**Q** 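Dumping the structure here so I can ask a few things about it.
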2 protein chains.
Amino acid sequence: MNTDFSTILRSLNLKITPKRIAILDILMNESSYLSPEEIWTRMKKQFRSVGLPTIYRNLEELSERNIISKVTHPNRQLYYYFCANRSHHHHFVCLSCRNVEDINFCALDELRREVKRKHNGKVISHILQVNGYCRNCLNKEGKDNEI
Amino acid sequence: MNTDFSTILRSLNLKITPKRIAILDILMNESSYLSPEEIWTRMKKQFRSVGLPTIYRNLEELSERNIISKVTHPNRQLYYYFCANRSHHHHFVCLSCRNVEDINFCALDELRREVKRKHNGKVISHILQVNGYCRNCLNKEGKDNEI
DNA sequence: ACTTTAAATAGAACTCATTTCTATTTAAGT
DNA sequence: ACTTAAATAGAAATGAGTTCTATTTAAAGT
């Protein structure tokens with residue numbers, strides 16, 4: 001595992017530090033997305049001292065390099081991060097348990113055509129976030145923490 | 001014009017105040033989306049005293065009632081608002097001039113099917129924001145203020 | 001028009017996520 | 001081991017958005 005992260009970091013010209021590896025490790029092993037604070041909390045269990053700015057700095061660097069990705073929550077527009085060294089995809093966010101699943105569906109091509117045809121513009125990127133209720137929460141009918 | 005806004009406000013059970021009308025007026029007559037601060041700046045030209053909290057409160061109330069809508073900017077995730085007493089649609093945001101155009105394209109149905117079929121989940125809402133360069137900025141080749 | 005009252009507002013103070021700054025530590029190439 | 005640029009801790013600053021309280025105002029009833 002560590003070897004894996006080291007390889008990733010080396011290929012990005014980032015120094016291989018214990019904290020970078022820990023951040024990647026936390027994100028990789030989490031199916032839901034995490035706020036910087038949540039990552040910080042987990043880090044503090046592993047390290048005697050970690051600064052929150054370190055978390056922010058690393059998350060920013062890693063997301064700039066497309067190793068992890070950002071999600072903005074509709075309510076309080078805080079940053080949330082999610083691991084993804086994968087190709088383009090979208091997120092299905094459960095409004096109840098906040099779990100995130102990847103959606104391998106994308107209408108980018110149609111979108112591009114529409115924008116080209118009707119607006120004469122050029123699409124560079126897009127954000128698609130789908131909110132709803134996941135399998136588990138639908139079964140439990142525990143749909144309390146609404147958005 | 002004023003009559004129009006008054007009717008809207010009355011139908012929403014909101015008191016008809018000069019400031020509410022002014023906010024609606026500013027948004028309706030702007031093709032681009034505006035930050036609360038930008039709206040505040042314009043308001044201060046019309047009123048001797050306006051509080052920024054008033055702007056926030058009203059924008060929130062109006063967007064809850066779907067008279068205007070929110071956009072979160074990919075960079076600094078600040079709130080931006082855009083007038084829209086229209087049905088469901090999405091935004092094409094120019095990365096250069098920040099102009100916003102409505103996109104009358106939505107893949108919600110396919111999305112719903114995908115989430116149902118592959119995830120057994122239920123879609124409640126979604127956010128689609130498309131970033132790119134608009135006609136004008138493509139012509140000018142003035143694509144400096146990157147993301 | 002005059003009263004009444006609940007909603008709306010101004011302005012100050014506060015909150016809290018994110019960023020900046022500076023001195024110290026550390027990874028990694030020589 | 002030595003060197004140096006990158007990474008970090010911790011404190012302090014920033015700034016968007018919110019809360020609080022006293023005052024004003026829209027609008028419903030008289």
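Just so it is clear: chains get the letters A, B, ... in the order the sequence lines come, proteins before strands, and each one is counted from 1. Predicted, not measured: the structure shown is a model, and the values here were computed from it.
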**Q** In whole Å, I'd like the distance from the CG atom of B/N58 to the P atom of D/dG17.
**A** 15 Å
**Q** Do A/T54 and A/M43 have side chains that get closer than 4.5 Å, going by heavy atoms?
**A**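 They are not in side-chain contact.
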**Q** Under 4.0 Å: is that the gap between some side-chain N or O of A/T54 and OP1 or OP2 of D/dT8?
**A**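 False: A/T54 side-chain N/O out of range (4.0 Å or more) of D/dT8 OP1/OP2.
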**Q** As a test of reading the structure: which of C/dG11, C/dT9, D/dA9 is closest to the side chain of B/S49, going by heavy atoms?
**A** C/dG11
**Q** Check whether any side-chain heavy atom of B/L9 lies under 4.5 Å from a side-chain heavy atom of B/L24, and answer yes or no.
**A**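 Yes. Closest side-chain heavy atoms under 4.5 Å.
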**Q** Atom CG of B/L59 and atom C1' of C/dA8: how far apart are they, to the nearest Å?
**A**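 These atoms are roughly 15 Å apart.
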**Q** Look at the side chain of B/K15 and decide which nucleotide, out of C/dA28, D/dA9, C/dA7, has an atom nearest to it.
**A**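 Comparing C/dA28, D/dA9, C/dA7 against the side chain of B/K15, the answer is C/dA7.
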**Q** How long is the gap from CG on B/L59 to CH2 on B/W40, to the nearest 0.5 Å?
**A** 13.5 Å
**Q** Name the residue closer to the 5' end of DNA chain D, choosing between A/L52 and B/R57 according to the nucleotide with the nearest heavy atom.
**A** A/L52
**Q** Given atom CH2 of A/W40 and atom P of C/dT18, what is their separation to the nearest angstrom?
**A**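 The answer, rounded to whole Å, is 13 Å.
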**Q** Quick check on side chain to side chain contact (heavy atoms under 4.5 Å, CB included): which of A/R113, A/H119, A/E114 does A/R117 satisfy it with?
**A** A/E114
**Q** Could you check how far CG of A/L62 sits from C1' of D/dA6, rounded to whole Å?
**A** 15 Å
**Q** What is the separation between atom CZ on B/F47 and atom P on C/dA8, rounded to the nearest whole Å?
**A** 15 Å
**Q** Any side-chain heavy atom of A/N58 sitting closer than 4.5 Å to one from A/L14?
**A**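 No. Closest side-chain heavy atoms not under 4.5 Å.
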**Q** Does C/dT19 have OP1 or OP2 under 4.0 Å away from a side-chain N or O of A/Y56?
**A** no
**Q** Check every atom of D/dG17, C/dA10, C/dA12 against the side chain of B/V50 and return the nucleotide holding the closest atom.
**A**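 The nucleotide sitting nearest to the side chain is C/dA10.
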**Q** Side chain of B/T17: nearest nucleotide among C/dT9, C/dA28, D/dG17?
**A**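 Among C/dT9, C/dA28, D/dG17, the one nearest the side chain of B/T17 is C/dT9.
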**Q** To the nearest Å, give me how far apart CG (A/L14) and P (C/dT26) are.
**A** 19 Å
**Q** Quick check for you: among C/dT9, D/dT18, D/dA7, whose closest atom lies nearest to any side-chain atom of B/K19?
**A**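 Taking heavy atoms from C-beta onward, the closest nucleotide is C/dT9.
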**Q** Rounded to whole Å, please give me the gap between CD1 in B/I16 and P in C/dA8.
**A** 11 Å
**Q** Relative to the 5' end of DNA chain C, which residue comes earlier, B/I55 or A/E37, by the nucleotide with the nearest heavy atom?
**A**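 Final value for this comparison: B/I55.
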**Q** When you get a sec, tell me which of D/dT19, C/dT18, D/dA7 is the closest nucleotide to the side chain of A/E61?
**A** D/dA7
**Q** With a 4.0 Å cutoff (strictly under), does any side-chain N or O of A/N13 reach OP1 or OP2 of D/dA6?
**A** no
**Q** In whole angstroms, how far is the P atom of C/dA10 from the CZ atom of B/R20?
**A**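 Going from CZ in B/R20 over to P in C/dA10 covers 11 Å.
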